[in-house]
Amino acid sequence: MGIITMPQPVKAVIGVLTAEPCLLSTVYPELTAHLGPIDFTSELLPFTSTTYYEAEMGPDIHRQFISFERLVDAGTLAEMKLFTNTVEQNFKIKKSKGDARRVNLDAGYLCLAKLVLASTKDHAHRIYLCDGIYAEITLRFYRKTFQPWEWSYPDYRLPTYIAIFNKIREIYRKQLENEDLWKKNTRY
């Protein structure tokens, strides 16, 4: 029988899509109220990998990645996705063909070994968590960098994105080192 151990906390990461970057100054305070302070914000990057979201959000969509200073339990991924879905709904607008999101929030987490994203859609490579939410290992850390899988979204394969996740991983690694140092120097 294996011995049960508690996993290390992970770094919450959100990939943001919007055609209205001015909206982010209103969206981010909602996220930080629940997830804590943001410790990394990427540049706004043109989102050109697909036109899938244009009918809903309009043209000229941009992507930005943010991560949060406070580390979380990986077991809270479904809760995080349900929360980000609520935030998306708070910013939707009415269009002739129904409600449209103005912001799309890809909730996930990063640890030393992988980037995991939450999804509301099932697929062969996704594992059901709870409450209609699935988890997908989108990238793995291998040979000193993040690597995509055959199922990784096309934009998550881009060198620019990989560099962003490597940067966030470095922030996370330093957090873990500081936490370990603190534990060694603190009496319980």
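Positions are given from 1 along the sequence.
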| field | R173 bridged to E170 by N-O distance under 4.0 Å | value |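 Looking at R173 and E170, the cut-off is met.
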Heavy-atom distance under 4.5 Å between the side chains of [X] and [Y], does that happen here?
X    : Y    : answer
Y172 : C111 : yes
K11  : S67  : yes
L112 : L176 : yes
R63  : D106 : yes
Q64  : Y28  : yes
N85  : Q89  : no
Y109 : T76  : no
T32  : P37  : no

| request: For side-chain contact (heavy atoms from CB on, under 4.5 Å), just list the numbers for E136 and Y153, CA-CA rounded to whole Å, side-chain angles, deciding distance to a tenth of an Å, and then say yes or no. | output: CA-CA 11 Å; E136 166 186 298; Y153 297 112; 4.0 Å; yes
| message | My understanding is that only residues two or more places apart in sequence, or in another chain, count here; which of them pass salt bridge (charged side-chain N to carboxylate O under 4.0 Å, His left out) with D99? | response |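 With sequence neighbours excluded, D99 shows a salt bridge (charged side-chain N to carboxylate O under 4.0 Å, His left out) to K92, K94, given in chain and number order.
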| said: With a sphere of 6.0 Å drawn around CD1 of I93, does it hold more than 12 non-hydrogen atoms of other residues, nucleotides or ligands? | reply: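 Counting other residues, nucleotides and ligands, CD1 of I93 exceeds 12 neighbours.
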Determine the minimum heavy-atom distance between [X] and [Y], stating which atoms define it.
X    : Y    : result
A118 : K81  : CB-CB, 3.6 Å
N90  : E30  : ND2-OE1, 3.1 Å
I14  : A107 : CG1-CA, 4.3 Å
P59  : A19  : O-CB, 3.4 Å
V116 : A135 : CG1-CB, 4.1 Å
L71  : P9   : CB-CB, 3.7 Å

| task | Begin with the C-alpha distance, continue with both residues' side-chain angles, and end with the deciding distance and a verdict on side-chain contact (heavy atoms from CB on, under 4.5 Å) for F165 and V13. | result | CA-CA 9 Å; F165 294 121; V13 176; 4.1 Å; yes
For [Y], is there any backbone N or O sitting under 3.5 Å from a side-chain donor or acceptor partner on [X]?
X    : Y    : value
T138 : S152 : no
D131 : I133 : no
E69  : G36  : no
R140 : Q147 : no
R126 : I137 : no
H125 : H123 : no

Between [atom1] of [X] and [atom2] of [Y], what distance do you get to the nearest 0.5 Å?
X    : Y    : atom1 : atom2 : result
L17  : L45  : CG    : CG    : 10.5 Å
I171 : N166 : CD1   : CG    : 11.5 Å
I66  : L105 : CD1   : CG    : 7.5 Å
R102 : T18  : CZ    : OG1   : 7.5 Å
L110 : I168 : CG    : CD1   : 6.5 Å
Y161 : F65  : OH    : CZ    : 5.0 Å

| task | Check whether the ring centres of F146 and Y156 lie less than 6.0 Å apart, and answer yes or no. | result |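 No, the ring of F146 stays outside the 6.0 Å limit from the ring of Y156, centre to centre.
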| request: Assign the ring pair Y134 / Y128 to parallel, tilted or perpendicular, where the plane angle (0 to 90°) is split at 30° and 60°. | output: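 Y134 and Y128: perpendicular rings.
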| request: Mind telling me whether F83 and H34 have parallel, tilted or perpendicular rings, with 30° and 60° as the class edges? | output: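 Rings of H34 and F83: parallel, as their planes differ by under 30°.
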| said: Pair L44, L24 - check side-chain contact (heavy atoms from CB on, under 4.5 Å), show working. | reply: CA-CA 11 Å; L44 274 172; L24 299 180; 4.1 Å; yes
| request: Apply the test side-chain contact (heavy atoms from CB on, under 4.5 Å) to residues N104 and E56: give CA-CA distance (whole Å), side-chain angles for both, the deciding distance (0.1 Å), then the verdict. | output: CA-CA 10 Å; N104 175 309; E56 181 180 21; 5.8 Å; no
